Amino acid sequence: EDQVTQSPEALRLQEGESSSLNCSYTVSGLRGLFWYRQDPGKGPEFLFTLYSAGEEKEKERLKATLTKKESFLHITAPKPEDSATYLCAVQALWGDYKLSFGAGTTVTVRA
Amino acid sequence: KAGVTQTPRYLIKTRGQQVTLSCSPISGHRSVSWYQQTPGQGLQFLFEYFSETQRNKGNFPGRFSGRQFSNSRSEMNVSTLELGDSALYLCASSLWQTNTEAFFGQGTRLTVV
């Protein structure tokens, strides 16, 4: 069974205070690791897909990295509009194509 | 281009009733997956449809079912509703089954009373 653990559960940051979110995963062969952002009452918004260890992707103040056992989402100089729940999901290489999600990290950025 | 559209956005149903939710994927996308999101369990996979066929199913009772039409639009149905079925139901659309970029709709908030 694929497992995804995200930490911390919640993160409170001051505007401009950079930080990182962690996503640890266990999967029998990784097809892809996904990061989503979810605002309250809305569906998850796709951010990144990472496929292999060492891969990095960036989008504005967000940078995602991948190792063989975990992924990090780095938030550089966050702004209040970066406040959201960030979800990590994995898709296994074999079997069905479902996404297995972590519980998420809720980020609050204060001005 | 238009995103994933789910209707209705909100529903209130009574225990024992049944409900049908609709999802229109992004134009050209052929795979539609459904997820249930609750505060306690997070996002859980319900099932996935590709080319009008259910390809995969999660660990949910048979009361949860779905279908996909030739235009890739999908519906999911929940019969004999229980209080525990109250959740945000999300539909994700992707070009192929591999879900390398899956885009979610806004969801349908179902409340069972």
Side-chain angles (χ1 to χ4, degrees), chain A residues 1-10 21 23-25 27-52 55 57 59 62 64 66 71 84-106, chain B residues 1 3-7 9-10 21 23-26 29-51 53-60 66 87-111:
Chain A
E1 184 77 19
D2 305 334
Q3 288 199 331
V4 181
T5 304
Q6 292 188 246
S7 61
E9 288 185 15
L21 284 55
C23 171
S24 299
Y25 64 90
V27 64
S28 55
L30 180 70
R31 178 182 296 277
L33 184 140
F34 304 79
W35 281 100
Y36 286 88
R37 167 199 170 120
Q38 186 173 27
D39 293 305
K42 297 191 175 182
E45 174 190 344
F46 174 79
L47 293 173
F48 307 108
T49 308
L50 301 168
Y51 296 100
S52 57
E55 189 174 1
K57 288 194 176 174
K59 179 180 180 178
L62 300 176
L66 181 65
S71 177
T85 295
Y86 291 86
L87 296 164
C88 170
V90 297
Q91 186 181 50
L93 196 55
W94 299 285
D96 61 37
Y97 295 101
K98 72 176 183 182
L99 298 178
S100 297
F101 282 86
T105 294
T106 299
Chain B
K1 60 182 175 182
V4 181
T5 303
Q6 290 189 246
T7 57
R9 289 293 312 278
Y10 303 93
L21 313 182
C23 172
S24 293
I26 292 171
H29 283 196
R30 295 173 61 190
S31 172
V32 173
S33 299
W34 289 89
Y35 292 82
Q36 180 195 66
Q37 187 174 33
T38 59
Q41 299 296 319
L43 270 151
Q44 292 192 294
F45 173 75
L46 279 158
F47 29 64
E48 186 238 344
Y49 287 86
F50 182 77
S51 293
T53 303
Q54 185 182 94
R55 305 289 176 155
N56 299 293
K57 184 170 169 58
N59 295 325
F60 280 83
L88 181 66
Y89 288 89
L90 292 159
C91 160
S93 131
S94 58
L95 198 57
W96 302 109
Q97 265 191 290
T98 52
N99 271 330
T100 52
E101 286 188 8
F103 298 90
F104 283 83
Q106 297 283 54
T108 294
R109 170 72 64 185
L110 172 65
T111 302

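Letters A, B, ... mirror the listed sequences (proteins, then strands); counts begin at 1. Just so it is clear, the structure is predicted and the values come from calculations on it, not from any experiment.
- Summarising the geometry of B/L43 relative to A/P44, their closest heavy-atom pair is CD1-CG, 4.3 Å, with the distance given to 0.1 Å.
- Under the side-chain contact (heavy atoms from CB on, under 4.5 Å) criterion, A/K57 pairs with A/F48, A/L50, A/Y51, A/E55, not counting sequence neighbours.
- Taking CZ of A/F34 as the reference point, atom CD of B/E101 lies at 8.5 Å (rounded to 0.5 Å).
- With sequence neighbours left out, A/A103 forms a side-chain contact (heavy atoms from CB on, under 4.5 Å) with no residue at all.
- For A/Q3, the CD atom is loosely surrounded, since the number of other residues' heavy atoms within 6.0 Å does not exceed 12.
- Considering every non-hydrogen atom in both B/L88 and A/K42, the closest pair reads CD2-O, 4.3 Å.
- Residues B/S33 and A/L99 have side chains not in contact (no heavy-atom distance under 4.5 Å, counting atoms from C-beta outward).
- In terms of modelled atom types and a separation under 3.5 Å, the side chain of A/Y36 and the main chain of B/F104 share no donor-acceptor contact.
- For a residue to count as touching a neighbouring chain, one of its non-hydrogen atoms must lie under 4.5 Å from one of that chain's; by this rule A/Q38 touches chain B with the side chain only.
- Only the side chain of B/Q37 comes within contact range of chain A, with heavy atoms under 4.5 Å apart.
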